[in-house]
Asks: 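Here it is: the structure, laid out below.
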Amino acid sequence: ADPQLPSLARTIDTTKLGPTSALTANLTMPPLPAAAQVSYKVVGTGTSGAMMPVTAATCVFTADVSDPHATDGTTASYRATAMSDPMTGEVDVDLIPSQSGNRSYTVTVTPDATQPFATKTTTVNVGPQGGFGQAIELLLRSQLSGRVLDPDGKPLHSLMVVPAAATLAGALGPT
């Protein structure tokens with residue numbers, strides 16, 4: 001399907017289907033306004049305390065765009081993916097606004113692995129005209145620092161520390 005179109009879904013009862021029966025399910029596209037371009041700045045406070053752009057982050061916007069007046073049970077969801085600019089951290093994305101008022105989108109921003117910022121999921125509202133939205137501010141990833149010592153209190157050399165799930169650390173024990 002065209003990525004600019006919403007995904008449609010409908011729950012149907014298949015319990016009465018058999019080898020000699022068939023079922024037709026119609027999916028109705030809700031009446032939607034044209035997509036509007038919205039721009040967001042993706043930023044974060046760096047380790048120095050200065051606000052900086054978060055570049056090359058993947059931003060996934062999702063919203064329920066179902067027709068609230070539909071009686072056939074069809075639901076519609078819209079998903080748009082965009083990358084933040086590699087220089088400015090700005091992301092431009094085409095989103096479907098509501099006919100009036102604001103449409104709420106869930107956005108997940110995943111920075112490039114080389115960035116010091118953590119992934120964030122938040123909500124943004126899109127008005128009927130598009131334009132500029134509020135900045136999406138990310139927090140720093142958790143930082144771990146310290147020293148690893150042998151039983152005599154001397155630093156271990158050529159040691160690699162690899163993050164893992166907390167349940168794994170408890171199962172391995174200190175070796």
Side-chain angles (χ1 to χ4, degrees), residues 1-7 32-66 76-98 101-175:
D2 182 346
Q4 295 299 317
L5 294 176
S7 297
L32 296 170
Q37 188 173 70
V38 186
S39 297
Y40 297 93
K41 288 204 178 280
V42 182
V43 296
T45 304
T47 54
S48 69
M51 189 67 68
M52 57 188 288
V54 179
T55 59
T58 302
C59 305
V60 180
F61 296 80
T62 56
D64 181 350
V65 295
S66 301
S77 59
Y78 181 71
R79 178 183 168 120
T81 302
M83 295 285 291
S84 63
D85 184 89
M87 298 298 289
T88 66
E90 187 172 305
V91 61
D92 298 320
V93 62
D94 291 332
L95 300 176
I96 299 174
S98 68
N102 291 329
R103 184 177 311 277
S104 182
Y105 276 81
T106 299
V107 58
T108 299
V109 180
T110 306
D112 180 85
T114 62
Q115 292 280 335
F117 300 102
T119 296
K120 180 176 186 172
T121 299
T122 189
T123 303
V124 296
N125 292 312
V126 176
Q129 303 301 320
F132 289 91
Q134 65 188 40
I136 300 170
E137 190 170 337
L138 306 185
L139 299 174
L140 287 171
R141 286 190 177 122
S142 298
Q143 304 290 316
L144 174 66
S145 63
R147 297 183 314 157
V148 180
L149 306 174
D150 69 12
D152 296 327
K154 296 179 184 169
L156 292 174
H157 297 283
S158 302
L159 177 73
M160 181 185 300
V161 176
V162 180
T167 56
L168 181 60
L172 292 176
T175 56

Asks: Testing the basics here: between Val107 and Cys59, what is the closest heavy-atom pair and its distance to 0.1 Å?
Replies: CG2-CB, 4.4 Å
Asks: Scan the side chains in residues 126-141 for donor-acceptor partners under 3.5 Å anywhere in the protein, sequence neighbours excluded, and list what turns up.
Replies:
{"unit_1": "Arg141", "atom_1": "NE", "unit_2": "Phe117", "atom_2": "O", "d": "3.2"}
{"unit_1": "Arg141", "atom_1": "NH1", "unit_2": "Ala113", "atom_2": "O", "d": "3.2"}
{"unit_1": "Arg141", "atom_1": "NH1", "unit_2": "Gln115", "atom_2": "O", "d": "2.4"}

Asks: Filter on side chain to side chain donor-acceptor pair (under 3.5 Å), then keep only pairs touching residues 147-156, sequence neighbours left out; what's left?
Replies: none
Asks: Could you give me the CA-CA distance, side-chain angles and deciding distance for Thr81 and Thr58, then say whether side chain to side chain contact (heavy atoms under 4.5 Å, CB included) is met?
Replies: CA-CA 7 Å; Thr81 302; Thr58 302; 4.0 Å; yes
Asks: Of the non-hydrogen atoms in Ser104 and Thr123, which two are nearest, and what is the gap between them?
Replies: OG-CG2, 3.0 Å
Asks: Which residues satisfy the salt bridge (charged side-chain N to carboxylate O under 4.0 Å, His left out) test with Lys41, sequence neighbours excluded?
Replies: Glu90
Asks: Would you indicate whether the side-chain heavy atoms of Pro53 and Val42 approach each other to under 4.5 Å?
Replies: no
Asks: Does Asp64 reach the side chain of Ser77, with side-chain heavy atoms less than 4.5 Å apart?
Replies: no
Asks: Please report the closest heavy-atom contact between Ala35 and Pro97, naming both atoms and the distance.
Replies: CA-CD, 4.3 Å
Asks: Partners of Ser7 by side chain to side chain donor-acceptor pair (under 3.5 Å), sequence neighbours excluded?
Replies: none
Asks: For Ser48, give me all partners under side chain to side chain donor-acceptor pair (under 3.5 Å), at least two apart in sequence or on another chain.
Replies: none
Asks: Taking all heavy atoms of Thr55 and all of Pro86, pick out the closest pair and write down the distance.
Replies: CG2-O, 3.3 Å
Asks: My understanding is that only residues two or more places apart in sequence, or in another chain, count here; which of them pass side chain to side chain donor-acceptor pair (under 3.5 Å) with Thr106?
Replies: none
Asks: Check whether Thr121 reaches the backbone of Thr108 with its side chain - one donor and one acceptor, N or O, closer than 3.5 Å.
Replies: no
Asks: Using side-chain contact (heavy atoms from CB on, under 4.5 Å) as the criterion, list what pairs up with Ala76, not counting sequence neighbours.
Replies: Pro6, Leu8, Pro30, Val65, Ser66
Asks: So do Thr119 and Pro111 actually touch side chain to side chain, heavy atoms under 4.5 Å?
Replies: yes
Asks: To the nearest 0.5 Å, tell me how far Leu95 CG sits from Arg79 CZ.
Replies: 13.0 Å
Asks: Please list all pairs meeting ring pair (Phe, Tyr, Trp, His ring centres under 6.0 Å) that have one or both residues in residues 36-62, counting only residues at least two apart or in different chains.
Replies: Tyr40-Phe61
Asks: Quick one: closest heavy-atom pair of Met87 and Asp85, and the distance?
Replies: N-OD2, 2.7 Å
Asks: Please report the shortest heavy-atom distance between Ile96 and Tyr78, naming the atom on each side.
Replies: CD1-CD1, 3.5 Å
Asks: Name all residues meeting the side chain to side chain donor-acceptor pair (under 3.5 Å) criterion together with Asp92; count only those two or more places apart in sequence or in a different chain, and write none if there are none.
Replies: Ser39
Asks: Answer yes or no: is there a side-chain heavy-atom contact under 4.5 Å between Met52 and Val43?
Replies: no
